[in-house]
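Here the structure is laid out as structure tokens; the discussion comes afterwards.
Because only heavy atoms are used, hydrogens play no part in the values below, and waters and symmetry mates are left out as well, while side chains stay in. Not measured: the values here are computed from a predicted model.
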Amino acid sequence: MSATSHLNIYSSSFQKAISSNNLNNQLSGLLRKNILSKFAQLDQQTLVLDNLVDKIPPTFSIDSHFSTKLASPWDEIASNHIRCIVALKKNNFVDAYNNQSIVAQTFQRVLSATSGNSLASPLSVVNSDLRMIAKLADSELRRKGLKEDKLEDAARILNSCFSICIKDNSADTKKYSTLGIVCNLFKIYFELNHLRLCRNLIKPLEQANFPIKLIPEDNSKGSMKFPIGQVVTYKFYTGRLKMFNSQFKGAEEDLDFAFKRCSKLSLKNKKLILMYLIPVKILLGKMPTESLLDKYGFTQFQELVKAIQVGNLKSFSETLDKYQDFFIQKGTFLILEKSKILAYRSLFKRIVEVANNTKIPLSYFEKAFLVMGYQIEMEEIECILANLIFTNYMKGYISHSSKVIVVSKNNPFPQISSIATE
């Protein structure tokens, strides 16, 4: 059977989908692109079409074909969907994006004119494809030395879609689709480093009167709830945002939720969540177990955790230098650098325990640094001690006249988890 024959079958399937009561699922299947690995579950007919679509005769008019088979604006959606697949097959990602952007914007016209949330599933497919193809298009533009502007354009289109959904107040509300749109926008904003724009998306979703709860209580049966996969993605990104804003306890809460609710089968995603959850927990004094680090292959953290626990400043600095590029790429280097104060705390705690006294000469700390190969001025040692006391990692005071530090008799080194770290 030829490619044009399969196009006839496809247009018939499309017409059947938009005319059926099960439009949501049938249409989303027809709009998926198996060339994008995220959407691999397709019916056999669509797979055949995707394999033959790049063999469409040059003289064949896709627009004319669909204009005679489908009513407007469905003909425009279907024809640009096919052209997008053709472009993807040829690795013409900019052309693919231009066609997919027409699909997305035309679909929004249908969405605005449709009551309720009957288009949630195909809308999710169209928007996710838009983002992924935009990323491919920007990569193509970068290789050609041209301006990368497709992800920014995709964000504009997705924001328009968000506005349509967030304003809907019908019983079967389009607000149910907002979280999926927000997750796609989060991915774009993090890719473009436009993190400040994320705040505008979080506020409406977390208002007390928002009809759909992100995490409904167990006893709130019957209440509308977002798909758990979308909530996990949302919490992953809000956790990272809080981490970058030094709201570490809030970051731990969101990332912990994402890790625990993420499917056990999604080891790649669980490892990605841990990449940010582990540095946050370290800073809060909650060291990961060796078995956890082994399970997910985090050798980078193993050496760092050991150095912090024993107060080995030399090992801490060497490990951070060794994996600096890796941590910078992941955006966790500065947070891990902050955890150096915990290594100081561990070292000084050991000195206090060995001294077995509440009054410890400052020269003890100087000697400890010399043993590790550090020659540090006394003024700097006093500064480190003062910082530990100021941040409540250590209880006591420095007597400059006597050149000693006097530590509290009662719990001189409070539990790190009890210290407010915002």
Side-chain angles (χ1 to χ4, degrees), residues 3-4 6-36 38-39 42-43 45-50 52-54 56 60-89 92-134 136-137 150 153-154 156-165 174 177 180-181 184:
T4 51
H6 277 287
L7 277 178
N8 283 325
I9 296 173
Y10 179 80
S11 55
S12 298
S13 300
F14 209 102
Q15 179 61 52
K16 183 180 177 182
I18 61 179
S19 304
S20 74
N21 294 326
N22 193 23
L23 179 147
N24 208 352
N25 292 328
Q26 288 190 29
L27 188 58
S28 62
L30 288 167
L31 288 174
R32 286 189 171 118
K33 299 175 181 62
N34 73 308
I35 200 165
L36 298 172
K38 184 178 175 69
F39 302 121
L42 300 170
D43 59 67
Q45 178 55 49
T46 310
L47 284 169
V48 171
L49 173 66
D50 282 358
L52 293 177
V53 77
D54 55 343
I56 296 172
F60 185 86
S61 173
I62 295 175
D63 285 341
S64 297
H65 171 82
F66 284 107
S67 65
T68 61
K69 304 285 185 182
L70 300 170
S72 179
W74 295 111
D75 61 334
E76 193 176 354
I77 291 172
S79 61
N80 279 284
H81 171 70
I82 296 299
R83 274 200 293 269
C84 180
I85 294 175
V86 172
L88 284 171
K89 287 277 187 176
N92 294 334
F93 300 123
V94 173
D95 289 345
Y97 175 78
N98 292 335
N99 285 296
Q100 183 64 17
S101 66
I102 294 172
V103 171
Q105 291 175 94
T106 308
F107 201 86
Q108 286 179 27
R109 280 163 38 204
V110 177
L111 183 69
S112 296
T114 305
S115 60
N117 198 42
S118 60
L119 295 173
S121 186
L123 179 67
S124 175
V125 171
V126 167
N127 287 340
S128 294
D129 273 359
L130 181 74
R131 173 184 56 78
M132 287 189 285
I133 298 170
L136 292 171
K150 300 307 179 187
D153 188 63
R156 176 187 63 80
I157 294 170
L158 288 171
N159 268 302
S160 174
C161 189
F162 180 76
S163 296
I164 293 169
C165 295
K174 293 183 181 75
S177 294
I181 300 167
N184 275 308

Original post:
side chain to side chain contact (heavy atoms under 4.5 Å, CB included) with Asn92: which residues, sequence neighbours excluded?
Top reply: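 Only Ala87, Lys90, Asp95 meet the side chain to side chain contact (heavy atoms under 4.5 Å, CB included) criterion with Asn92.
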
Original post:
Who are the side chain to side chain contact (heavy atoms under 4.5 Å, CB included) partners of Ser11, not counting sequence neighbours?
Top reply: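 Per chain and number, Ser11 pairs via side chain to side chain contact (heavy atoms under 4.5 Å, CB included) with His65, Phe66, Lys69.
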
Out of curiosity, [X] [atom1] to [Y] [atom2], how far, rounded to the nearest 0.5 Å?
X      : Y      : atom1 : atom2 : value
Asp129 : Tyr97  : CG    : OH    : 12.0 Å
Ser79  : Asp63  : OG    : CG    : 4.5 Å
Glu76  : Asn99  : CD    : CG    : 10.5 Å
Leu158 : Asn127 : CG    : CG    : 5.0 Å
Ile157 : Phe107 : CD1   : CZ    : 14.0 Å
Asn8   : Ser13  : CG    : OG    : 10.5 Å

Taking every non-hydrogen atom, the tightest pair across [X] and [Y]:
X      : Y      : answer
Gln108 : Ser160 : OE1-OG, 3.0 Å
Ser118 : Ser115 : OG-O, 4.1 Å
Lys174 : Thr114 : NZ-O, 2.5 Å

Subject >> Check: Arg156/Asn159 side-chain N/O donor and acceptor closer than 3.5 Å >> reply: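 No, Asn159 and Arg156 have no side-chain donor paired with an acceptor closer than 3.5 Å.
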
Subject >> Working for side-chain contact (heavy atoms from CB on, under 4.5 Å), residues Cys161 and Val126 >> reply: CA-CA 11 Å; Cys161 189; Val126 167; over 6 Å; no

Original post:
Is a side-chain donor or acceptor of Ser124 paired with a backbone partner of Ala120 at a separation under 3.5 angstrom?
Top reply: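 Not confirmed, Ser124 side chain does not pair with Ala120 backbone.
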
**OP:** Examine distances only and state if a side-chain atom of Gln105 and a backbone atom of Ser101 form a donor-acceptor pair shorter than 3.5 Å.
**Re:**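 Present.
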
Heavy-atom side-chain contact between [X] and [Y] under 4.5 Å:
X      : Y      : result
Ser177 : Leu119 : no
Leu123 : Leu111 : yes
Leu136 : Lys150 : no

Subject >> Single hit among Ile77, Leu130, Ile133 for side-chain contact (heavy atoms from CB on, under 4.5 Å) with Val103 >> reply: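 Among Ile77, Leu130, Ile133, the one meeting side-chain contact (heavy atoms from CB on, under 4.5 Å) with Val103 is Ile77.
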
